[in-house]
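By convention in this document, chain letters (A, B, ...) are assigned in the order of the sequence lines, proteins followed by strands, and residues within each chain are numbered from 1.
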Amino acid sequence: MSAPRAPKGTYDLLPDEASRRDAMVAVAARLFAAYGYRRIVTPEFEETGLFERGVGEATDIVRKEMYTFADRGERSLTLRPEGTAPICRAYVEHGLHKWPQPVKVWYYCPMFRYERPQAGRYREHYQFGAEAIGSADPAVDAEVIALLAALFAELGVESVRLNMNSMGDSACRPAYVDRLRGYLREHEGELCGDCLERLDLNPLRTFDCKVQSCRAVLDGAPRIVEHLCPDCRAHFDAVLGLVKRAGLEPHLDFRLVRGLDYYTRTTFEFNSDRLGAQSGVGGGGRYDGLIEQIGGASTPGVGWGSGLERITLAMRDQPLPPSAPDVYVVTFSEEARASAFGVAQDLRGAGLAAELDLAGRSPKGQLKQAGRSGAQFTVLLGLDELGADQVRLRAMDAGGEEDLAAADLAAHVASRLTKES
RNA sequence: GUGAAGGUAGCUCAGCUGGCAGAGCUCCGGGUUGUGGUCCCGGCGGUCGCGGGUUCGAAUCCCGUCCUUCACCCCA
């Protein structure tokens with residue numbers, strides 16, 4: 001019998017880490033509000049078909065990474081592997097096309113993918129995400145990109161690089177893919193086995209192969225940005241212009257072909273060199289065909305996801321948010337313990353954060369604990385005070401003690417707290 | 001799914017040419033009867049990941065397995 005452990009690829013956030021996480025979410029929530037994005041919460045699991053149709057049967061996510069199970073009603077359900085498809089489902093299901101467009105939402109929630117864990121990669125990982133649905137305007141692309149850049153700046157994620165590309169649309173991509181496939185067939189002998197498979201399945205994916213010979217072949221391959229239709233070209237140029245106007249430096253990256261099938265036109269990724277082998281700290285793109293793909297009316301959309309674990313890796317160390325009680329109640333005799341409990345309750349009732357010993361510590365141990373807790377004040381209770389219906393108040397850092405009527409304690413502490421902080 | 005390196009106390013680790021399981025930190029107690037943080041003393045705490053093998057004897061060597069880490073694949 002071995003002790004129970006968190007499942008492979010998952011982790012616990014103990015209170016110190018959880019409070020750092022809370023602080024990150026608070027920063028993000030403020031920023032999203034400033035950009036006009038409102039929070040959305042969707043279920044942790046969806047009907048499997050949503051991801052099969054939305055994310056794409058040819059993607060790794062659908063082919064080998066989903067946590068899929070049958071419930072007791074024989075429904076096939078899947079733990080959410082990514083955030084965009086569920087939000088598009090909610091957009092269609094609740095008729096959000098009747099709202100002012102675009103509908104702008106953000107989320108903070110876990111994603112589940114069955115993969116081998118490594119640095120910056122987990123089976124359950126948390127993402128921030130933003131989606132703007134219902135407008136094809138290049139300004140929306142630029143806005144979500146600027147939003148992600150601002151989030152990194154606010155959180156202290158340093159030295160990130162913005163890479164961008166365009167994937168074209170249904171007017172120009174098919175012809176380009178044929179052209180690329182033709183070029184790759186001429187170089188079949190120089191491609192690795194994986195790329196030979198990709199050639200049939202999705203030739204665009206050969207671009208992010210790391211094998212030297214493949215990279216050499218792809219260096220000479222036709223590039224999609226040079227084969228965009230006029231509309232896509234104009235859209236991409238407009239996005240790039242606005243992104244630069246937002247003070248960012250987009251680097252054109254013809255290898256940037258993201259692994260989800262729904263992307264059209266703009267794709268982007270922020271990279272950092274602090275993530276081990278995973279360089280992407282956040283990325284996304286436009287998905288003008290997705291809503292129609294899952295059964296809604298043709299509706300444009302654009303958005304991104306960013307992994308909290310990777311943000312944390314790339315972030316400079318954050319100070320631990322303080323969590324000290326205002327008051328720690330110490331008793332010098334067993335008989336005073338019940339009174340101490342009451343005193344703590346009274347203080348809490350008055351809106352103060354109060355702690356007391358719950359472990360049967362000695363008086364010295366309680367004082368030690370009071371000091372460690374960071375409490376500004378300690379209330380000392382013993383038989384002498386009980387008899388006189390008084391408490392002794394000690395200012396921990398400032399020093400000094402005074403005796404007070406028990407009834408005056410909460411008001412007195414409250415006034416000194418506001419005065420001294 | 002593939003490859004490599006590791007699992008010893010709550011945490012960080014030492015011990016590994018086979019011979020009684022250790023340190024630091026944390027935690028608890030004590031240092032002239034009711035006053036914290038520093039310091040000193042003491043204590044709690046381990047099936048050496050798990051299972052098998054070799055041996056008089058295994059934390060140490062061998063095999064298997066699980067887990068962790070890193071990398072491939074791919075993504076956040």
Side-chain angles (χ1 to χ4, degrees), chain A residues 1-11 14 16 55 58-65 80-84 107-129 148 157 192-195 197-198 202 205 208-211 256-260 269-272 275-284 304-314 328 330-336 357 359-386 392-397 399-401:
Chain A
M1 256 326 274
S2 52
R5 294 169 145 274
K8 188 184 183 80
T10 68
Y11 59 90
L14 299 182
D16 279 355
V55 178
T59 61
D60 281 14
I61 287 179
V62 171
R63 292 202 311 167
K64 51 189 189 188
E65 296 177 0
R80 174 186 48 223
E82 65 93 46
T84 303
Y107 58 83
Y108 162 65
C109 55
M111 305 293 168
F112 304 87
R113 294 182 201 170
Y114 187 87
E115 300 182 271
R116 289 287 289 269
Q118 68 186 75
R121 198 173 71 185
Y122 299 85
R123 289 185 171 179
E124 179 190 33
H125 73 276
Y126 290 79
Q127 285 187 25
F128 284 133
L148 183 51
V157 176
C192 70
D194 285 343
C195 281
E197 271 185 46
R198 294 182 179 117
N202 186 351
R205 295 275 208 82
D208 50 29
C209 185
K210 286 169 187 159
V211 176
L256 177 55
V257 290
R258 298 177 53 78
L260 288 76
E269 198 167 274
F270 283 85
N271 294 100
S272 164
L275 306 183
Q278 320 307 322
S279 61
V281 66
W304 50 257
S306 183
L308 274 285
E309 297 81 1
R310 293 190 186 174
I311 290 175
T312 302
L313 283 176
Y328 198 102
V330 169
T331 57
F332 285 109
S333 68
E334 284 306 306
E335 293 81 354
D357 176 52
R361 289 186 182 84
S362 65
K364 172 174 177 163
Q366 293 180 48
L367 256 310
K368 202 172 179 176
Q369 191 59 30
R372 263 198 298 247
S373 77
Q376 212 176 124
F377 295 99
T378 298
V379 168
L380 306 169
L381 269 182
L383 293 178
D384 299 348
E385 288 79 9
L386 276 186
R392 177 163 288 194
L393 183 67
R394 177 182 176 84
M396 293 302 270
D397 291 333
E401 293 185 1

Participant: When you compare B/G1 with B/A9, how far apart are their C1' atoms, in angstrom units rounded to a whole number?
Facilitator: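 Pairwise C1' distance, B/G1 against B/A9, rounds to 37 Å.
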Participant: So do A/I61 and A/M111 actually touch side chain to side chain, heavy atoms under 4.5 Å?
Facilitator: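 In short, these two side chains do not touch, never coming nearer than 4.5 Å.
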Participant: Give a yes/no on whether any side-chain N or O of A/S306 is located under 4.0 angstrom from OP1 or OP2 of B/A76.
Facilitator: no
Participant: Between B/U54 and B/C73, how far apart are the two P atoms, rounded to whole Å?
Facilitator: 43 Å
Participant: Select from A/Y114 and A/P117 the residue whose nearest nucleotide in RNA chain B is closer to the 5' end of that strand.
Facilitator: A/Y114
Participant: Tell me: CZ of A/R121 to P of B/U69, nearest whole Å?
Facilitator: 12 Å
Participant: Partner lookup for B/G42, please. Criteria are Watson-Crick or G-U wobble with both distances under 3.5 angstrom; report none if nothing qualifies.
Facilitator: B/C28
Participant: Report the residue (A/A119 or A/E401) whose heavy-atom-nearest nucleotide on RNA chain B is the more 5′ of the two.
Facilitator: A/E401
Participant: Can you tell me the distance, in whole Å, between the CG atom of A/D384 and the P atom of B/U35?
Facilitator: 12 Å
Participant: Keeping the roles fixed (side chain from A/Q366, backbone from A/R361), state whether a donor-acceptor pair exists under 3.5 Å.
Facilitator: yes
Participant: Over all strands shown, is A/L383 touching base, sugar-phosphate only, or nothing at heavy-atom distances under 4.0 angstrom?
Facilitator: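 Result for A/L383 = base.
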Participant: Report yes if the side chains of A/Y114 and A/K64 come closer than 4.5 Å at any heavy-atom pair, otherwise no.
Facilitator: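 A side-chain contact under 4.5 Å is absent here.
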Participant: From the options B/G36, B/G34, B/C70, select the nucleotide whose nearest atom is closest to the side chain of A/R394.
Facilitator: B/G36
Participant: If you check the A/Q118 side chain, which of B/G1, B/U35, B/A71 turns out closest?
Facilitator: B/A71
Participant: Is there, by distance only and without an angle test, a donor paired with an acceptor across the side chain of A/D397 and the base of B/G37 below 3.5 Å?
Facilitator: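 Between B/G37 and A/D397, which were checked side chain against base, a qualifying N/O pair under 3.5 Å is present.
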Participant: For atom P, what is the distance between B/G29 and B/C44, given to the nearest Å?
Facilitator: 15 Å
Participant: Mind checking if A/G360 touches a base, just sugar-phosphate, or nothing, with heavy atoms under 4.0 Å?
Facilitator: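 No contact.
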Participant: Does OP1 or OP2 of B/G36 have a side-chain N or O of A/T378 closer than 4.0 Å?
Facilitator: no
Participant: Using whole Å, what does the distance between atom P of nucleotide B/A76 and atom CG of A/L148 come to?
Facilitator: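 The answer, rounded to whole Å, is 12 Å.
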Participant: Nearest whole angstrom, please: distance from the P of B/G36 to the CG of A/L393.
Facilitator: 17 Å
Participant: Can you check the distance between B/C62 and B/A5, where both ends of the measurement are the P atom (answer in whole Å)?
Facilitator: 12 Å
Participant: Whole-Å distance between B/C11 P and A/L14 CG?
Facilitator: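 That distance rounds to 11 Å.
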Participant: Looking at B/U60, which nucleotide sits across from it as a Watson-Crick or G-U wobble partner, both distances under 3.5 angstrom, or is there none?
Facilitator: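 Partner of B/U60: none found under 3.5 Å.
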Participant: If you check every side-chain atom of A/K8, which of B/C73, B/C67, B/A71 has the closest atom?
Facilitator: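 Of B/C73, B/C67, B/A71, B/C67 is nearest to the side chain of A/K8.
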Participant: Reckon A/E115 touches a base, only the sugar-phosphate, or nothing at all at heavy-atom distances under 4.0 Å?
Facilitator: base
Participant: Would you say the base of B/G29 and the side-chain of A/K368 have a donor-acceptor pair closer than 3.5 Å?
Facilitator: no
Participant: Can you tell me how far P in B/C25 sits from the matching atom in B/G6, rounded to whole Å?
Facilitator: 29 Å
Participant: Taking the same atom, C1', in B/G7 and in B/U47, what whole-Å distance lies between them?
Facilitator: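 Between the two C1' atoms, the distance is 15 Å.
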Participant: Does A/V330 reach the side chain of A/D357, with side-chain heavy atoms less than 4.5 Å apart?
Facilitator: no
Participant: Below 3.5 Å, does any donor atom in the side chain of A/R205 face an acceptor in the base of B/C73, or the other way round?
Facilitator: no
Participant: Side-chain contact test, heavy atoms from C-beta onward, threshold under 4.5 Å: evaluate it for A/F332 versus A/D384 and give yes or no.
Facilitator: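 No - every pair of side-chain heavy atoms lies 4.5 Å or more apart.
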Participant: Looking at B/U47, which nucleotide sits across from it as a Watson-Crick or G-U wobble partner, both distances under 3.5 angstrom, or is there none?
Facilitator: none
Participant: Any non-hydrogen side-chain atom of A/R310 less than 4.5 Å from a side-chain atom of A/R121?
Facilitator: yes
Participant: For the pair made of CG in A/L367 and C1' in B/U38, what is the distance, rounded to whole Å?
Facilitator: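 Nearest whole value for this atom pair: 15 Å.
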Participant: Find the partner of B/U69: check Watson-Crick (N1-N3 plus N6-O4 or O6-N4) and G-U wobble (N1-O2, O6-N3) distances, both under 3.5 Å, and reply none if neither fits.
Facilitator: B/A4
Participant: Flag this pair as yes if the NZ/CZ of A/R80 is under 6.0 angstrom from the six-membered ring centre of A/F112 and inside a 45 degree cone about the axis; otherwise no.
Facilitator: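 Output no; distance or angle outside limits.
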Participant: Going by modelled atom types, is there a donor-acceptor pair between the base of B/G34 and the side chain of A/E385 at under 3.5 Å?
Facilitator: yes
Participant: Over how many whole Å does the gap from A/D16 atom CG to B/U26 atom C1' extend?
Facilitator: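 Rounded to the whole Å, the gap is 13 Å.
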Participant: So which atom in A/A370 and which in A/T378 form the shortest heavy-atom distance, rounded to 0.1 Å?
Facilitator: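 Looking at all heavy atoms of both residues, the closest pair is CB-OG1, 3.7 Å.
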Participant: Out of B/C28, B/U68, B/G36, which has the shortest distance to the side chain of A/R5?
Facilitator: B/U68
Participant: Please tell me which of the listed nucleotides, B/G30, B/U35, B/C73, lies nearest to the side chain of A/D60?
Facilitator: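 Nucleotide nearest to A/D60's side chain: B/C73.
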Participant: May I have the distance from A/Y11 (atom OH) to B/A76 (atom P), rounded to whole angstrom?
Facilitator: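 Those two atoms, OH and P, are 16 Å apart.
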Participant: Checking all strands, does A/R372 fall into the base, sugar-phosphate, or nothing category for heavy-atom contacts under 4.0 angstrom?
Facilitator: sugar-phosphate
Participant: Return yes if the base of B/G3 and the side-chain atoms of A/R116 contain a donor-acceptor N/O pair under 3.5 Å, otherwise no.
Facilitator: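 When only heavy-atom distances are counted, A/R116 does reach the base of B/G3 through a donor-acceptor pair under 3.5 Å.
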Participant: Decide yes or no, distance alone: a donor-acceptor N/O pair under 3.5 angstrom between the base of B/G29 and the side-chain of A/R361.
Facilitator: no
Participant: Base, sugar-phosphate, or nothing for A/G283, non-hydrogen atoms under 4.0 angstrom?
Facilitator: sugar-phosphate
Participant: If you measure from the C1' atom in B/C66 to the same atom in B/C28, how many Å do you get, rounded?
Facilitator: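 Those two atoms are separated by 35 Å.
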Participant: For A/V281, which contact category applies under a 4.0 Å heavy-atom criterion: base, sugar-phosphate, or nothing?
Facilitator: sugar-phosphate
Participant: If the P atom of B/G22 is compared with that of B/G43, how far apart are they to the nearest Å?
Facilitator: 13 Å
Participant: Which part of the nucleic acid does A/Y122 contact within heavy-atom distance under 4.0 Å: base, sugar-phosphate only, or nothing?
Facilitator: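 Contact class for A/Y122: base.
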Participant: What is the nucleic acid contact for A/M396, judged by heavy atoms within less than 4.0 Å: base, sugar-phosphate only, or nothing?
Facilitator: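 Base contact - A/M396 has a heavy atom under 4.0 Å of at least one base atom.
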Participant: Is the shortest side-chain heavy-atom distance between A/Q127 and A/E82 below 4.5 Å?
Facilitator: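 No - every pair of side-chain heavy atoms lies 4.5 Å or more apart.
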